[in-house]
2 protein chains.
Amino acid sequence: MIHEKMVELVARRFQILGEPCRLRILQTLQGGAMTVNQIVSELEGNQPNISKHLQILFDAGLVGRARSRNSVFYSVADPVVFKLCDLVCRSTARHAAHLQQYAAGTGRRSGIQTQKSHLRSKVGSLQGVN
Amino acid sequence: MIHEKMVELVARRFQILGEPCRLRILQTLQGGAMTVNQIVSELEGNQPNISKHLQILFDAGLVGRARSRNSVFYSVADPVVFKLCDLVCRSTARHAAHLQQYAAGTGRRSGIQTQKSHLRSKVGSLQGVN
DNA sequence: TCACTATATAATTATACATGCATATAGCTA
DNA sequence: TAGCTATATGCATGTATAATTATATAGTGA
């Protein structure tokens with residue numbers, strides 16, 4: 001059993017990765033260090049918002065920063081984020097494939113809502129059917 | 001560049017893992033399938049709340065479920081969650097160690113708030129100093 | 001010093017969501 | 001059927017936080 005405080009720290013880290021805007025920032029930084037303005041112009045969005053997300057990523061130790069003249073360069077500090085994203089990407093794809101596979105199946109057979117019947121509506125909503 | 005919708009799906013998955021209660025549920029299920037009541041009695045918390053978290057995990061395909069007589073057994077459907085937790089755990093530990101390492105350093109040297117100076121307050125707050 | 005650029009922060013608003021309580025649904029047994 | 005257990009769901013509330021706007025801070029160069 002992992003310590004309670006550790007569970008919360010880990011959850012916080014997942015939560016930080018659980019924002020599309022922050023994922024896009026990390027993805028943008030994959031090519032190397034960039035200034036805030038460069039990131040902003042790459043990812044539609046205003047500068048204060050990007051700055052705040054960068055601050056959150058920095059506090060978590062996921063990105064590092066260094067000032068060069070008048071600009072601040074941010075870069076990915078912990079490459080584990082790419083591994084995490086890759087794993088979650090595959091997992092998401094597996095799940096989507098699983099939904100698709102059973103999407104054409106018949107309705108519920110038992111009392112409990114099973115993956116097959118329950119998730120059919122999910123696939124539908126993803127496709128805008130509902 | 002990954003597709004926008006994929007970024008949101010991946011973020012959603014991280015977000016689902018970003019709740020301490022859900023992490024504890026997954027951790028509890030690491031030993032094998034359990035009924036809702038078993039999970040509830042293992043993890044302080046009321047039954048409706050656990051049920052709702054289980055539903056969220058189920059919708060994401062992270063856990064599976066099967067009814068047996070009057071009970072519903074939940075189990076981990078995608079073991080990738082353990083790998084993810086392990087990676088994040090190590091990353092969190094690295095970050096904490098990094099904070100500790102520089103916690104005794106002197107204050108800011110340059111205009112920008114660096115890891116060293118900025119995070120000293122973080123370490124302090126973790127220890128309840130602030 | 002002033003003007004300019006780059007970045008960070010403060011304040012506000014809106015929204016998502018975890019929690020807790022009450023209740024509903026489903027299955028079992030008599 | 002009724003009564004029981006197990007699980008799910010509806011509703012209300014509080015809280016965290018993302019986005020926006022305006023402004024402040026920091027550095028550069030004249």
Side-chain angles (χ1 to χ4, degrees), chain A residues 7-8 11-25 29 33-60 63-75 108-115 117-118 121, chain B residues 7-8 11-25 29 33-60 63-75 108-115 117-118 121:
Chain A
V7 171
E8 284 174 18
R12 176 62 187 161
R13 224 165 176 74
F14 277 123
Q15 192 189 358
I16 286 172
L17 294 173
E19 281 302 312
C21 187
R22 287 194 282 267
L23 286 186
R24 276 182 242 118
I25 289 174
L29 289 177
M34 295 172 70
T35 70
V36 178
N37 265 350
Q38 287 173 334
I39 299 171
V40 169
S41 57
E42 196 85 7
L43 307 172
E44 63 199 41
N46 54 28
Q47 177 268 321
N49 199 24
I50 302 288
S51 260
K52 266 178 286 192
H53 283 305
L54 284 168
Q55 180 69 49
I56 291 170
L57 291 168
F58 177 77
D59 286 345
V63 303
R65 65 182 169 199
R67 181 179 286 277
S68 171
R69 304 190 59 84
N70 207 6
S71 300
V72 177
F73 282 85
Y74 280 88
S75 56
R108 65 172 62 179
R109 303 235 170 83
S110 65
I112 187 173
Q113 192 177 33
T114 121
Q115 195 95 351
S117 62
H118 175 60
S121 60
Chain B
V7 171
E8 284 174 17
R12 175 61 186 161
R13 224 164 176 75
F14 276 123
Q15 192 188 357
I16 286 172
L17 293 173
E19 282 302 312
C21 188
R22 287 195 281 267
L23 286 186
R24 276 182 241 117
I25 289 174
L29 289 178
M34 296 173 70
T35 70
V36 177
N37 267 350
Q38 287 173 335
I39 299 171
V40 169
S41 56
E42 196 85 6
L43 306 173
E44 62 199 41
N46 54 29
Q47 177 267 322
N49 198 22
I50 301 287
S51 261
K52 270 178 278 196
H53 283 305
L54 284 168
Q55 180 69 48
I56 291 170
L57 291 168
F58 177 78
D59 286 345
V63 303
R65 66 181 168 199
R67 182 179 286 277
S68 170
R69 305 189 58 83
N70 208 7
S71 300
V72 177
F73 282 85
Y74 280 89
S75 57
R108 63 172 62 178
R109 303 236 171 83
S110 66
I112 188 173
Q113 192 177 31
T114 111
Q115 195 96 348
S117 62
H118 176 60
S121 60

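The sequence lines fix the lettering, A, B, ..., with proteins before strands; numbering per chain opens at 1.
- With distances taken from any side-chain atom of B/P48 to the nucleotides C/dC21, C/dT7, D/dA22, the minimum falls on C/dC21.
- Looking at heavy-atom distances under 4.0 Å, B/Q47 makes contact with a base.
- What separates CD of B/E19 from C1' of D/dT17 is a distance of 12 Å, to the nearest Å.
- Side-chain atoms of B/Q55 stay outside donor-acceptor range of the base of D/dA8, with no qualifying N/O pair under 3.5 Å.
- Proximity note for A/V36 (side chain, C-beta onward) versus D/dA8, D/dA18, C/dA8: the nearest is C/dA8.
- The CD-C1' distance, from A/Q38 to C/dT5, rounds to 14 Å in whole Å.
- Judged by distance alone with a 3.5 Å cut-off, no donor-acceptor contact links the side chain of A/N49 to the base of D/dT20.
- For the atom pair CD of A/E42 and CG of A/N37, the computed distance is 12.5 Å after rounding to the nearest 0.5 Å.
- Between the CZ atom of B/R67 and the P atom of D/dA6 there is a distance of 12 Å, given to the nearest Å.
- Distances shorter than 4.0 Å separate some side-chain N or O of B/Y74 from OP1 or OP2 on D/dA8.
- Comparing C/dT7, D/dA6, C/dA6 by their nearest atom to the side chain of A/N70 picks out C/dA6.
- If you check C/dT19, C/dA8, D/dA8 against the side chain of B/S51, the one that comes closest is D/dA8.
- For B/E19 against A/A11, the heavy-atom pair with the smallest separation is C-CB, 4.0 Å.
- At the heavy-atom level, B/Q15 lies under 4.0 Å from the strands shown only through sugar-phosphate atoms.
- Here the side chain of B/R22 is nearest to one of D/dT9, C/dA18, D/dG27, namely C/dA18.
- Rounding to whole angstrom units, CG of residue B/D59 and P of C/dC17 are separated by 13 Å.
- A/H53 has no side-chain polar atom (N or O) that falls below the 4.0 Å cut-off from OP1 or OP2 of D/dT17.
- Nearest approach of A/G45 to A/V40, heavy atoms of both residues: O-CG1, 3.4 Å.
- Here the side chain of B/R69 is nearest to one of D/dT28, C/dC28, C/dA22, namely C/dC28.
- The CD1-P distance, from A/I50 to D/dT20, rounds to 10 Å in whole Å.
- C/dC17 atom P lies 9 Å from atom CD1 of B/I16, rounded to whole Å.
- Residue side chain A/K52 does not reach the base of D/dT17 through any donor-acceptor N/O pair under 3.5 Å, judged by distance alone.
- Using a 4.0 Å heavy-atom cutoff across all strands shown, A/N37 reaches sugar-phosphate atoms only and no base atom.
- No hydrogens or angles considered: nothing links the side chains of A/S51 and A/Q55 as a donor-acceptor pair under 3.5 Å.
- Contact annotation for B/I56: backbone-only contact, meaning every heavy-atom pair under 4.0 Å involves sugar-phosphate atoms and none involves a base.
- Between B/F73 atom CZ and D/dT5 atom P the separation is 18 Å, expressed in whole Å.
- A/R65 is not listed as a side-chain neighbour of A/F73, based on a closest heavy-atom distance of 4.5 Å or more.
- Here the side chain of B/R12 is nearest to one of D/dA19, C/dC17, D/dT5, namely C/dC17.
- As judged by a 4.0 angstrom heavy-atom cut-off over every strand, A/I39 is placed among residues making no nucleic acid contact.
- Candidate nucleotides D/dT21, C/dT29, D/dT9 were compared by shortest atom distance to the side chain of A/N46, and D/dT21 ranks first.
- Residue B/L43 forms a side chain to side chain contact (heavy atoms under 4.5 Å, CB included) with just one option from B/Q38, B/H53, B/R24, and that option is B/R24.
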